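Position 1 is the first residue of the sequence, and the numbers go up from there. Keep in mind that what you see is a predicted model, and the values were worked out from it rather than measured.
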Amino acid sequence: MKCDKKDLALYAITDRSWLYEETLYEQVEKALKGGATFIQIREKELERAKFLEEARQLKTLCKQYQVPFIINDDISIAKEIDADGVHIGQSDGTADEVRKLLGEDKIIGVSAQTVEQAMLAEKMGADYLGVGAVFSTNTKKDAQDVSYATLAAICKAVQIPVIAIGGITKANVEELKGSGICGIAVISAIFASKDITKATAELRQRSEALFQS
């Protein structure tokens, strides 16, 4: 399974910080009903057995909606549950190393903050790039800020799809217009919302209008 640009219009990344009385499964289903086109599960603190259980359930859910489901960072869990792929950072190895472990049919996304990192990731076989943080964010404190100019330069330098990540909301998403991205990756603008389905639908509409027209 490979991803198409349209699959990356609205890339939702989970965060259990805002679960409140709901389960992650319930929140992800609300995002899928709102039109999320891609789901990444991101778990930094969850014990492995619970991570596996959660990932299996979400994989089944995403399959029902025919939306790609990938794992952040953890290649072993991606392989164990036969996820659609994995997203790795600069410190998690290279795309070709991950490809050898997961197979040719899996989606491999790579985080990049510079043109050099982006070009290397493409050369190593990445299927798409996540570039950011394009705005300030408290969700991912280790993210390195990327200017609009660098984002646009990355998009121009590679042939694979690029999505922007970091602090993106419906209020600032238009500032990314013309950069060359094909979609946006969002965490809090979806999962911290009181109405996840509505927030997702609004972001999907804006992303498609701005980046896929």
Open item on the list: Could you check whether any side-chain heavy atom of Asp84 comes within less than 4.5 Å of a side-chain heavy atom of Lys59, counting everything from C-beta outward?
Closed with: no
Task: Phe211 vs Val173 side-chain heavy atoms within contact, under 4.5 Å - done: yes
TODO: Taking the side chain as every heavy atom from C-beta outward, state whether Ser111 and Ile88 have any pair of such atoms under 4.5 Å apart.
DONE: no
TODO: Count the heavy atoms belonging to other residues, nucleotides or ligands that lie under 6.0 Å from CD of Gln90, then report whether that count exceeds 12.
DONE: yes
Task: Over all atoms of both residues, closest heavy-atom pair of Gly85 and Ala78 - done: O-CB, 3.9 Å
Task: Validation row: Val98, Val110 side chains within 4.5 angstrom (heavy atoms) - done: no
Open item on the list: Using a strict threshold of under 4.0 Å (side-chain N to carboxylate O), is an ion pair present between Lys50 and Glu43?
Closed with: no
Task: Minimum-distance pair of heavy atoms, taken over all atoms of Val146 and Gly132 - done: CG2-O, 3.4 Å
Task: Check: Gln113 side chain, Asp145 main-chain N or O, donor-acceptor pair, under 3.5 Å - done: no
Open item on the list: Please determine whether side chain to side chain contact (heavy atoms under 4.5 Å, CB included) holds for the pair Val28 and Tyr65, giving the CA-CA distance in whole Å, both sets of side-chain angles, and the decisive distance to 0.1 Å.
Closed with: CA-CA 11 Å; Val28 169; Tyr65 284 83; over 6 Å; no
Task: Under 3.5 Å donor-acceptor, Glu122 side chain and Ile160 backbone - done: yes
Task: Side-chain (Thr14) to main-chain (Arg42) donor-acceptor, under 3.5 angstrom - done: yes
TODO: Please say whether more than 12 non-hydrogen atoms of neighbouring residues, nucleotides or ligands are located less than 6.0 Å from CE in Met124.
DONE: yes
Open item on the list: If I take atom CG from residue Leu52 and atom CG from residue Leu46, how far apart are they, to the nearest 0.5 angstrom?
Closed with: 9.5 Å
TODO: Report the distance from atom CD of Gln27 to atom CD1 of Ile190, rounding to the nearest 0.5 Å.
DONE: 11.0 Å
Task: Non-hydrogen atoms of Ser193 and Ala199 that approach each other most closely - done: OG-CB, 3.5 Å
Task: Spatial distance of atom CD (Glu47) from atom CD (Glu53) [nearest 0.5 Å] - done: 10.0 Å
Task: Donor on one side chain, acceptor on other, Asp74 and Ser76, under 3.5 Å - done: yes
Open item on the list: Around atom CD of Glu26, are there more than 12 heavy atoms from other residues, nucleotides or ligands closer than 6.0 Å?
Closed with: yes
Task: Thr60/Tyr25 under side chain to side chain contact (heavy atoms under 4.5 Å, CB included): CA gap, chis, key distance, verdict - done: CA-CA 10 Å; Thr60 301; Tyr25 184 98; over 6 Å; no
TODO: Kindly determine whether Val115 and Ile154 satisfy side chain to side chain contact (heavy atoms under 4.5 Å, CB included), including the steps that lead there.
DONE: CA-CA 5 Å; Val115 170; Ile154 288 172; 3.9 Å; yes
Open item on the list: What verdict does the side chain to side chain contact (heavy atoms under 4.5 Å, CB included) test give for Lys30 and Thr200, after you've listed the backbone C-alpha separation in whole Å, the side-chain angles of each residue and the deciding distance to 0.1 Å?
Closed with: CA-CA 8 Å; Lys30 288 181 178 179; Thr200 307; over 6 Å; no
Open item on the list: Give me the atom names and distance for the closest heavy-atom approach of Tyr148 to Glu175.
Closed with: CE1-O, 3.4 Å
- [ ] Output the distance between atom NE2 (His87) and atom CG (Leu129), rounded to the nearest 0.5 Å.
- [x] 8.5 Å
Task: Ala164 to Leu176 - nearest heavy-atom pair and separation - done: CB-CD1, 4.0 Å
Open item on the list: Assess whether a salt bridge exists between Arg204 and Glu208, defined as any Lys/Arg side-chain N lying under 4.0 Å from an Asp/Glu carboxylate O.
Closed with: yes
Open item on the list: Looking at Asp15 and Lys44, is any side-chain nitrogen of the basic one under 4.0 Å from a carboxylate oxygen of the acidic one?
Closed with: no
TODO: Kindly indicate whether the side chain of Val162, heavy atoms from C-beta on, has any atom under 4.5 Å from the side chain of Leu151.
DONE: yes
Please list, one pair per line, the donor and acceptor atoms closer than 3.5 Å that link side chains of residues 31-39 to other protein atoms, with sequence neighbours excluded.
unit_1 : atom_1 : unit_2 : atom_2 : d
Thr37  : OG1    : Asp7   : O      : 2.8
Thr37  : OG1    : Ala9   : N      : 3.4
Thr37  : OG1    : Leu10  : N      : 2.8
Thr37  : OG1    : Leu10  : O      : 3.0

TODO: Taking the side chain as every heavy atom from C-beta outward, state whether Ile81 and Phe69 have any atom pair closer than 4.5 Å.
DONE: yes
TODO: Mind checking the CG-NZ spacing from Asp82 to Lys106? Nearest 0.5 Å is all I need.
DONE: 3.5 Å
Task: Asn172 CG to Phe135 CZ distance, which is reported to the nearest 0.5 Å - done: 4.0 Å
Task: Contact list for residues 168-207, test ring-ring contact (aromatic ring centres under 6.0 Å, His included), sequence neighbours left out - done: none
Task: Least distance between heavy atoms, Cys182 atom then Gln212 atom - done: O-NE2, 2.9 Å
